[in-house]
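Read through the structure below, which is laid out as structure tokens, and then see the notes.
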Protein chains: 2
Amino acid sequence: MREDTRSKIQEVALELFTEQGYEATSLREIAERLGVTKAALYYHFKTKDEIAASFLEDRAAALSRLIEWARTQPRTVETRRELIRRYAEELRVSSHHKVMRFLERNQTALRDNPKHEAMREVMTSFVDLLAEPGDPLHRRVKSSLAVFALHATWFLAKDEECSDDERWEAGLAVALDLVDSVDADRTATR
Amino acid sequence: MREDTRSKIQEVALELFTEQGYEATSLREIAERLGVTKAALYYHFKTKDEIAASFLEDRAAALSRLIEWARTQPRTVETRRELIRRYAEELRVSSHHKVMRFLERNQTALRDNPKHEAMREVMTSFVDLLAEPGDPLHRRVKSSLAVFALHATWFLAKDEECSDDERWEAGLAVALDLVDSVDADRTATR
DNA sequence: GTCTATAGCGCGATAGAC
DNA sequence: GTCTATCGCGCTATAGAC
């Protein structure tokens, strides 16, 4: 119950940063929500940016592990399908989708955060694994959309008349479909 | 040369809001870039929010006209394909893609701006036109991705080794492909 | 590990001269 | 239509007691 003030700060900050925006959320609000003062936050994190960096770093590391795994595999459709499945699972079981939504909604505000830059690079590597080096632009766009399809199902308005599981399944189905479609196109024009 | 101070403010504001973020851009920066003072901006716009609202309103109106046209047409694949083509053209020839990029990167900051809310609603209507009322979730996700594909080609890093025209064509090709794919799926399961 | 108190700054916005 | 000057605020961050 002592040291998890730190993780409670992260949890509340992630929620407020996402819902109200990073810049629009003051440390006073975060502190108030936790029943402490601003000064207490500064014991756990040196700056406001460092709070954001803390969860970006965590998720970038998780993504890196996934990428490392993929690099040990042959560059086939099967590997790509499995990569999509594993990433979809990561989104489902961890806070990953929350962090991605925070990122998506605060792109400019995080512009100068080094961990944001690191996260962008990892995402680029991830998307690169879904395409072949020589693929034309339209295939690479489609491959990016596969990843975006997985995110979109978490980002879309929660007022749809369906459960999180249904949303997750729909996103996965569309992503796999896109990977297959890119592969079919590649085979057809070989 | 007189009244176009107003449009110069809009132009500079749109660029800075997009590159640095809405909240991170101060009125002082906009004024300095134009060689005037903050007070001059207040002659043309009552508040900072009103500057953002001014270009959101303009593009929401353009999109509404497109939607009105589509509503006079039969709900067929051909109409949907033409709708996608017309929207792609709007993105290409006007400032529309700049405004959409600004929107995409400043979602939380614009949260309380009424014109942002209006824009969201218009975009929802637009995506709804691409799907049938009874379509399952995965088809609606795919339809949204068609629109996102058009945006993505403008939003993606400009450091790709290709021209704006090539990017535009790739986005259009992928978007039309998705519309066709949704229609094929609909026909197959009828 | 959390508190009170405050420094120091830049912001959006306004008043009123020209 | 643009200026100078200024107000009032809330923010990040720090100092130092407990």
Side-chain angles (χ1 to χ4, degrees), chain A residues 1-57 102 105-116, chain B residues 1-57 102 105-116:
Chain A
M1 268 299 164
R2 258 306 56 123
E3 164 53 351
D4 72 11
T5 295
R6 193 187 145 92
S7 48
K8 289 216 164 134
I9 294 170
Q10 290 176 312
E11 202 176 314
V12 169
L14 179 55
E15 187 189 330
L16 293 181
F17 288 168
T18 304
E19 295 312 318
Q20 313 183 341
Y22 177 72
E23 317 227 30
T25 302
S26 68
L27 297 182
R28 184 188 50 74
E29 286 178 283
I30 298 171
E32 249 168 34
R33 178 83 82 100
L34 288 166
V36 296
T37 64
K38 280 195 291 175
L41 305 188
Y42 279 99
Y43 173 81
H44 296 280
F45 298 94
K46 273 207 291 289
T47 64
K48 185 182 179 181
D49 278 356
E50 205 181 81
I51 301 178
S54 71
F55 33 78
L56 292 183
E57 188 165 25
F102 157 67
R105 301 184 68 173
N106 291 279
Q107 292 179 67
T108 51
L110 295 169
R111 214 169 54 112
D112 298 327
N113 196 312
K115 298 300 174 189
H116 178 222
Chain B
M1 266 303 163
R2 259 302 59 123
E3 161 56 349
D4 72 10
T5 295
R6 193 187 145 92
S7 49
K8 289 217 166 136
I9 294 171
Q10 291 177 312
E11 204 177 311
V12 170
L14 179 54
E15 187 190 330
L16 294 180
F17 287 168
T18 304
E19 295 313 317
Q20 313 182 341
Y22 177 72
E23 316 227 30
T25 302
S26 67
L27 297 181
R28 184 188 50 75
E29 284 178 284
I30 298 171
E32 251 168 34
R33 179 84 82 101
L34 288 166
V36 296
T37 63
K38 277 196 294 175
L41 306 187
Y42 279 99
Y43 173 80
H44 296 280
F45 298 95
K46 273 206 294 289
T47 64
K48 185 182 179 182
D49 278 356
E50 206 182 79
I51 301 178
S54 73
F55 33 78
L56 292 183
E57 188 165 26
F102 157 66
R105 300 184 67 173
N106 291 280
Q107 291 179 66
T108 50
L110 296 168
R111 213 169 53 114
D112 298 328
N113 196 311
K115 298 300 174 190
H116 178 222

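FYI, side chains are in, hydrogens and waters are out, and symmetry mates aren't considered; it's all heavy atoms of this structure. The sequence lines fix the lettering, A, B, ..., with proteins before strands; numbering per chain opens at 1. These numbers were taken from a predicted model, which means no experiment stands behind them.
- Considering only side-chain N and O atoms, B:Ser26 lies nowhere under 4.0 angstrom from the phosphate OP1 or OP2 of C:dG10.
- For A:Thr5, no side-chain nitrogen or oxygen approaches OP1 or OP2 of C:dG1 to under 4.0 Å.
- Here C:dA13 is the nucleotide among C:dA13, D:dC11, D:dG1 with the atom lying nearest to any side-chain atom of B:Tyr42.
- More than 12 heavy atoms of other residues, nucleotides or ligands sit less than 6.0 Å from atom CD of A:Glu29.
- In this structure, the CZ atom of A:Arg28 is 17 Å from the C1' atom of C:dT6, given to the nearest Å.
- OP1 or OP2 of C:dG12 has not a single side-chain nitrogen or oxygen of B:Thr47 nearer than 4.0 Å.
- Spacing between atom CD1 of A:Ile30 and atom C1' of D:dC11 amounts to 13 Å, rounded to whole angstrom units.
- Between the OH atom of A:Tyr43 and the P atom of D:dT12 there is a distance of 22 Å, given to the nearest Å.
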Report, one pair per line, the protein and nucleotides 3-6 of chain D atoms (nitrogen or oxygen only) whose separation is under 3.5 Å.
unit_1: D:dC3; atom_1: OP2; unit_2: B:Thr37; atom_2: N; d: 2.7
unit_1: D:dC3; atom_1: OP2; unit_2: B:Thr37; atom_2: OG1; d: 2.9

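- Taking all atoms of both residues into account, the shortest heavy-atom contact from A:Thr37 to A:Ala31 is C-CB, 3.5 Å.
- Heavy-atom contacts from other residues, nucleotides or ligands closer than 6.0 Å to CD of B:Glu23 number more than 12.
- With rounding to whole Å, B:Lys48 atom NZ is found 8 Å from C:dG12 atom C1'.
- Between A:Arg6 and A:Ser54 there is a side-chain heavy-atom pair separated by less than 4.5 Å.
- A donor and an acceptor atom, one from each side chain of B:Tyr22 and B:Asn113, are nowhere located under 3.5 Å apart.
- For the pair A:Phe45 CZ and D:dA13 C1', the interatomic distance rounds to 16 Å; values are reported in whole Å.
- Per the geometry, CD belonging to B:Glu23 stands 12 Å off C1' belonging to D:dC11, to the nearest Å.
- Computed from coordinates, the A:Lys8 NZ to C:dG1 P distance equals 15 Å when rounded to whole Å.
- Using a 4.5 Å cut-off on side-chain heavy atoms (C-beta onward), A:Thr5 and A:Leu34 make no contact.
- In this structure, B:Tyr42 and B:Glu50 have side chains that are not in contact, with every pair of non-hydrogen atoms separated by 4.5 Å or more.
- Each of C:dG12, D:dT2, D:dA13 was ranked by its minimum atom distance to the side chain of B:His44; first place goes to D:dT2.
- Straight-line distance from the CG atom of B:Leu41 to the C1' atom of C:dA13: 12 Å, rounded to whole Å.
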